[in-house]
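Written below as structure tokens is the structure these notes are about.
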Amino acid sequence: MKKKIKSIFSKVLFGEEASAHCDGPCGVYDGASAEIAARAAVSMTKKLLELTTPTPQSSPEDKLNYHHTVARYTLIKEEQSEIAKRELLILWTDFFKPEHLDAFPDLHEFIWKLAKQCSYVKQHVDLEAAEKMHADIMKLAEMHHQASHH
């Protein structure tokens, strides 16, 4: 009887006991933020490669504006590559569980290489690498989507 009263009292004060398979409520993890960041990194890489380098005859103002633009585009590219990496690592460590390895046996290696790709894109102005990062993040988003619905 005492145990039953304690159980009822506990439910009134603390509600029903809940359990979850991930660190947050279902639906909190989403690959979209990594995909958006990867798209931004691709865009900034394209913009950097499209810039016209000033000539020795260019005005000091034109030279300064060029360097300022390079710095801004580079900063955005680096920030967005880092965001993409952080988001995919969150999916890897907080969402994907051991049972997902049955469906995706190369998951660990795929994400590890993708995180390295994000770092490479952050450090370099390489459109092919940025586009590969984006494509692989899209693959990861699809894996996440499939795992979310099973």
Side-chain angles (χ1 to χ4, degrees), residues 3-4 6-54 62-150:
K3 199 174 199 178
K4 187 171 186 168
K6 183 179 177 184
S7 174
I8 292 170
F9 183 69
S10 179
K11 285 181 183 178
V12 169
L13 283 179
F14 304 111
E16 294 290 325
E17 184 177 321
S19 63
H21 66 277
C22 21
D23 293 345
C26 289
V28 75
Y29 301 108
D30 191 338
S33 53
E35 194 272 329
I36 291 167
R39 264 192 295 148
V42 169
S43 176
M44 291 300 104
T45 301
K46 285 179 182 177
K47 288 182 177 296
L48 282 163
L49 292 170
E50 292 168 356
L51 286 174
T52 302
T53 307
D62 286 345
K63 290 176 184 177
L64 184 60
N65 283 333
Y66 168 80
H67 290 294
H68 179 69
T69 300
V70 168
R72 284 185 314 124
Y73 291 175
T74 300
L75 177 66
I76 293 167
K77 178 185 67 69
E78 290 184 5
E79 287 174 340
Q80 295 303 308
S81 297
E82 185 66 26
I83 289 169
K85 182 168 76 172
R86 184 174 57 241
E87 292 296 321
L88 73 91
L89 291 175
I90 288 170
L91 282 175
W92 188 22
T93 59
D94 294 353
F95 172 77
F96 286 108
K97 303 296 178 210
E99 58 268 20
H100 294 130
L101 292 175
D102 292 337
F104 312 110
D106 67 337
L107 180 69
H108 292 312
E109 184 173 349
F110 177 77
I111 293 177
W112 179 74
K113 286 181 177 179
L114 181 50
K116 295 286 190 186
Q117 184 76 11
C118 291
S119 293
Y120 182 87
V121 169
K122 180 179 170 183
Q123 298 167 3
H124 299 87
V125 181
D126 182 333
L127 184 57
E128 186 177 326
E131 288 175 338
K132 179 177 180 0
M133 175 186 74
H134 180 257
D136 285 350
I137 284 176
M138 294 300 292
K139 287 180 194 172
L140 180 64
E142 180 56 31
M143 293 163 75
H144 169 260
H145 177 74
Q146 288 176 20
S148 296
H149 292 91
H150 293 294

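Keep in mind that what you see is a predicted model, and the values were worked out from it rather than measured.
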Per side chain to side chain donor-acceptor pair (under 3.5 Å), Lys122 is matched among Glu78, Glu82, Gln80 by Glu82
Side chain to side chain donor-acceptor pair (under 3.5 Å) partners of Ser119, counting only residues at least two apart: Lys85
With sequence neighbours left out, write down each residue that passes side chain to side chain donor-acceptor pair (under 3.5 Å) with Glu79, or none if nothing qualifies. none
Ring centres under 6.0 angstrom apart (Phe104, His100): no
Within the 4.5 Å heavy-atom criterion, are Trp92 and His108 side-chain neighbours or not? yes
Do Leu101 and Phe96 touch side chain to side chain, with heavy atoms closer than 4.5 Å? no
With side-chain contact (heavy atoms from CB on, under 4.5 Å) as the test, would you mind laying out the steps for Asp126 and Val121 before giving the verdict? CA-CA 7 Å; Asp126 182 333; Val121 169; over 6 Å; no
Mind checking the [atom1]-[atom2] spacing from [X] to [Y]? Nearest 0.5 Å is all I need.
| X | Y | atom1 | atom2 | answer |
| --- | --- | --- | --- | --- |
| Thr53 | Lys63 | OG1 | NZ | 12.0 Å |
| Thr45 | Ile76 | OG1 | CD1 | 11.0 Å |
| His134 | Cys118 | NE2 | SG | 11.5 Å |
| Gln123 | Ser81 | CD | OG | 9.5 Å |
| Leu107 | Ile111 | CG | CD1 | 4.0 Å |
| Leu114 | Ile137 | CG | CD1 | 5.0 Å |

Give a yes or no on whether the backbone of [Y] and the side-chain of [X] come within a donor-acceptor separation of less than 3.5 Å.
| X | Y | result |
| --- | --- | --- |
| Ser43 | Arg39 | no |
| His124 | Tyr120 | yes |
| Lys77 | Val125 | no |
| Glu35 | Ala141 | no |

Working note: His68 + Arg72, criterion side-chain contact (heavy atoms from CB on, under 4.5 Å); need CA distance, chi angles, decisive distance, verdict. CA-CA 6 Å; His68 179 69; Arg72 284 185 314 124; 3.3 Å; yes
What is the minimum heavy-atom distance between Val42 and Ala130, and which atoms define it? CG2-O, 3.3 Å
Quick one: salt bridge (charged side-chain N to carboxylate O under 4.0 Å, His left out) pairs with a partner in residues 103-115, sequence neighbours left out? Glu109-Lys113
Determine whether Thr69 and Tyr66 satisfy the following criterion, side-chain contact (heavy atoms from CB on, under 4.5 Å), listing intermediate values before the conclusion. CA-CA 5 Å; Thr69 300; Tyr66 168 80; 5.8 Å; no
Looking at Glu50 and Lys46, does any basic side-chain N land under 4.0 Å from a carboxylate oxygen? no
